[in-house]
Amino acid sequence: MPEGHTIHALAARLDRAFAGHAVRASSPQGRFAEGAALLDGQALLGSQAWGKHLFCEFDADRWLHVHLGLIGVFPVVPLPMELHGVEPEQVPVTGAVRLRLLNQTHVADLRGPMTCAVRTPEEVAAVEARLGPDPLRPDADPGTGWDRVRRSRKPVAELLMDQQVLAGVGNVYRCEVLFARRVDPYRPGRELRESTWLSLWQDLVELMPLGVAFGQILTMDDQVADARAEIAAGGVEQYTASLTGERLGERFERRFFVYQRTGEPCRQCGSRVRSAPLAGRTLYWCGRCQRRR
DNA sequence: TAGTGATGGCTAA
DNA sequence: TAGCCCTCACTAC
């Protein structure tokens, strides 16, 4: 279930479990045997995310590059006490594990990724150069995304999903922020005002860190307020650190403005939420609230 | 128990 | 545009 917030949280989890020490790497499935051999025994220096791409820096200028795609998973799990410090082959494997990272206390099994490769620093830079600004990165500049949007005839809902325009935004965030700002999803990028683009960007900058902190996408005003209050009270750091899998411990009820609410009444105006395919995924929107003005 | 669609996106055609 | 990665949650039977 990877939009960008998932990958940022994953990078932090990997670092908490593995960074700073040598890691055992293997490919139980066999499809990444050569790459795993390059990483095996090297120290993990640190992990970072750019949009939906995960980069883990190992010793000797070796970078693990992972993209989960739609169906990939990479849970980081504490080893049961009886398996602490055992040899890698003694830790049971279930299913098709492309890459396993293991140390004395944790195991991380990567399954079903779209991309799993060992890269050079130059190759990592080339991947990052193709990506647009990531609202979760402090160095991100929304202006580079706007340069593409303002010249494009494509619908804004398609541009929001284009990783060269914005890195890390997936189908949930695109539908929800377009609704929140009452933007017609079919409005061509070149007809969008810059102020509208910046308001969409600002919403993402404010909402996506909540996704990282709580492990789920939060967009509804009341849930966002509750999440912010919890962060202000200082209770979230421990909560985040305890997250291991993707769906463990959902703190908030799953609830959105329009996402996956086809045919249900719009929470704002009561008219039916509509849906249609756009850019390869199902777009959800309110035809009345998001009418072009 | 089997089938299906999904919070992606690359490659081949 | 179809295939693919081959997981996971949910639904129909």
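Note on naming: letters A, B, ... go to the chains in the order of the sequence lines (proteins, then strands), and numbering restarts at 1 for each one. Note that the structure is a prediction, hence the values are computed from the model and not measured.
A/Q29 comes within 4.0 angstrom of the backbone, heavy atoms only, and of no base.
A heavy atom lying under 4.0 Å from DNA chain C marks none of the residues of residues 257-265 of chain A.
Atoms CZ (A/R31) and C1' (C/dC6) sit 9 Å apart, rounded to a whole Å. Going from atom CD of A/Q216 over to atom C1' of B/dT7 covers 13 Å, rounded to whole Å. If you measure from atom CD1 of A/I71 to atom P of C/dG3, you get 16 Å, rounded to the nearest angstrom. Residue A/L110 contributes atom CG, which lies 10 Å from atom P of C/dC6 at whole-angstrom precision. Rounded to an integer number of Å, the gap from CG of A/L70 to P of B/dG5 is 13 Å. Between A/L54 atom CG and B/dT7 atom P the separation is 22 Å, expressed in whole Å. Across the protein-nucleic acid pair, A/F74 atom CZ and B/dG8 atom C1' stand 18 Å apart, rounded to whole Å. What separates CG of A/D109 from C1' of C/dC8 is a distance of 16 Å, to the nearest Å.
At least one side-chain heavy atom of A/W201 sits less than 4.5 Å from a side-chain heavy atom of A/L166. The shortest side-chain heavy-atom distance between A/P75 and A/V73 falls under the 4.5 Å cut-off. A/F256 places a side-chain heavy atom less than 4.5 Å from the side chain of A/I217. A heavy-atom distance below 4.5 Å is not found between the side chains of A/L200 and A/P142.
Remark: the separation of the P atoms in C/dT7 and B/dT11 is 22 Å, to the nearest Å. Between C/dA2 and B/dT7, the two C1' atoms lie 22 Å apart (nearest whole Å). C/dC13 sits 14 Å from B/dG5 when the P atoms are compared, rounded to a whole Å. Comparing B/dG3 with C/dC6, their C1' atoms sit 15 Å apart, to the nearest whole Å.
Residue pairs meeting the salt bridge (charged side-chain N to carboxylate O under 4.0 Å, His left out) criterion with at least one member in residues 43-64 of chain A: none, sequence neighbours excluded.
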For nucleotides 9-13 of chain B, print each protein N/O atom paired with a nucleotide N/O atom at under 3.5 Å, atom names and distance only.
{"from": "B/dG9", "atom 1": "OP1", "to": "A/K52", "atom 2": "NZ", "distance (Å)": "3.4"}
{"from": "B/dG9", "atom 1": "OP1", "to": "A/Q163", "atom 2": "OE1", "distance (Å)": "3.4"}
{"from": "B/dG9", "atom 1": "OP2", "to": "A/K52", "atom 2": "NZ", "distance (Å)": "3.2"}

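For the pair A/D184 and A/R291, the salt-bridge criterion is not met [side-chain N within less than 4.0 Å of a carboxylate O].
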Check: Passes side chain to side chain contact (heavy atoms under 4.5 Å, CB included), A/H21 versus A/N103? Steps please.
Finding: CA-CA 9 Å; A/H21 303 283; A/N103 66 9; 5.9 Å; no
Item checked: Stepwise side-chain hydrogen bond (donor to acceptor under 3.5 Å, both in side chains) test for A/R137 and A/Q48 -> CA-CA 10 Å; A/R137 292 181 67 98; A/Q48 57 168 297; 3.1 Å; yes
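Formation of a donor-acceptor pair under 3.5 Å by the A/Q163 side chain with backbone atoms of A/G132 is not found in this model.
Relative ring orientation between A/F214 and A/F252 is described as perpendicular, the plane-to-plane angle rising above 60° on a 0-90° scale split at 30° and 60°.
A/R254 contributes a side-chain N or O that forms a donor-acceptor pair with the base of B/dT7 under 3.5 Å.
In this structure, A/R98 reaches the C/dC6 phosphate: one of its side-chain N or O atoms is under 4.0 Å from OP1 or OP2.
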